[in-house]
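Because the structure is a prediction, the values reported are computed rather than measured.
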Amino acid sequence: PRFALRVSAGVFDLADRKRALDNDPLQPVVRYLVDRPDALLFEVPASVVEPGVTEFHVLTLRDVAGRTYRCEDVRGPRYSRAEAEALLDTCLSLRAR
């Protein structure tokens, strides 16, 4: 019930977004569990005040009917790995009707 995804149409560069994630001063990526040209599942520190606590996020690019869509989790909730994997599966399931 707390899952939230944002889907946006447009032109996106996943490599640029990955560089920004890697260089984020507050939540730099700890590791990538999925690192593909069209999908990222990554782990970041939950906060600077909780050392060792992490959370997981997803970002995908999908070509649907000739348009590119970015699908990513909405920041705020702290997603577990299993929850992020479910979010990733949902993003990867985007299809045209």
Side-chain angles (χ1 to χ4, degrees):
R2 66 187 189 90
F3 284 14
L5 291 171
R6 177 177 297 124
V7 179
S8 308
V11 177
F12 307 100
D13 186 332
L14 199 59
D16 281 345
R17 181 75 169 117
K18 186 177 174 191
R19 278 189 290 282
L21 290 167
D22 289 337
N23 295 306
D24 186 315
L26 297 177
Q27 286 187 306
V29 172
V30 173
R31 67 182 170 144
Y32 291 93
L33 289 91
V34 173
D35 185 355
R36 303 180 347 197
D38 66 339
L40 300 173
L41 169 59
F42 54 97
E43 181 180 15
V44 296
S47 73
V48 294
V49 296
E50 297 178 279
V53 177
T54 61
E55 58 190 60
F56 297 83
H57 297 282
V58 300
L59 174 61
T60 67
L61 297 182
R62 303 293 297 157
D63 186 307
V64 178
R67 290 188 72 183
T68 301
Y69 292 88
R70 178 178 64 196
C71 180
E72 61 187 318
D73 65 275
V74 174
R75 295 294 178 105
R78 187 179 296 171
Y79 298 111
S80 69
R81 179 178 176 170
E83 291 169 330
E85 288 171 344
L87 291 166
L88 178 65
D89 289 343
T90 302
C91 283
L92 293 175
S93 73
L94 291 175
R95 304 272 188 276
R97 286 184 163 205

Applying the 4.5 Å side-chain criterion to the ILVMFWY set and letting contacts propagate, would [X] and [Y] be lumped into a single cluster?
X: Phe3; Y: Val44; value: no
X: Val30; Y: Tyr32; value: no
X: Phe56; Y: Leu92; value: yes
X: Leu5; Y: Leu88; value: yes
X: Leu87; Y: Val7; value: no

Using every non-hydrogen atom in the two residues, find where [X] and [Y] come nearest and quote the distance to one decimal.
X: Asp38; Y: Arg62; answer: OD2-NH1, 4.0 Å
X: Thr90; Y: Ser93; answer: O-OG, 2.6 Å
X: Arg36; Y: Leu14; answer: O-CD2, 3.7 Å

Please check if the side chain of Asp73 supplies one atom and the backbone of His57 the other of a donor-acceptor pair under 3.5 Å.
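Not a single qualifying donor-acceptor pair exists.
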
Donor-acceptor pair, distance only, cut-off 3.5 Å: does the side chain of Gln27 make one with the backbone of Pro45?
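Side chain of Gln27 to backbone of Pro45: a pair is present.
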
Are more than 12 heavy atoms, taken from residues, nucleotides or ligands other than Arg67, located less than 6.0 Å from that residue's CZ atom?
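At most 12 heavy atoms, drawn from other residues, nucleotides or ligands, come within 6.0 Å of this atom.
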
Quick one: [atom1] on [X] to [atom2] on [Y], what's the gap to the nearest 0.5 Å?
X: Asp13; Y: Thr68; atom1: CG; atom2: OG1; answer: 11.5 Å
X: Asp22; Y: Arg17; atom1: CG; atom2: CZ; answer: 10.5 Å
X: Leu59; Y: Arg6; atom1: CG; atom2: CZ; answer: 11.0 Å

Passes side-chain contact (heavy atoms from CB on, under 4.5 Å), Leu40 versus Leu21? Steps please.
CA-CA 11 Å; Leu40 300 173; Leu21 290 167; 4.1 Å; yes

State, yes or no, whether a side-chain contact exists between Tyr79 and Val58 at a heavy-atom distance under 4.5 Å.
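Tyr79 vs Val58: side chains apart.
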
Against Cys71, only a single residue in Leu61, Val64, Thr60 fulfils side-chain contact (heavy atoms from CB on, under 4.5 Å); can you say which?
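One option only clears the test, and that one is Thr60.
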
Given Arg31, Arg81, Glu43, the one that forms side chain to side chain donor-acceptor pair (under 3.5 Å) with Thr54
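When Arg31, Arg81, Glu43 are each tested with Thr54, the side chain to side chain donor-acceptor pair (under 3.5 Å) holds only for Glu43.
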
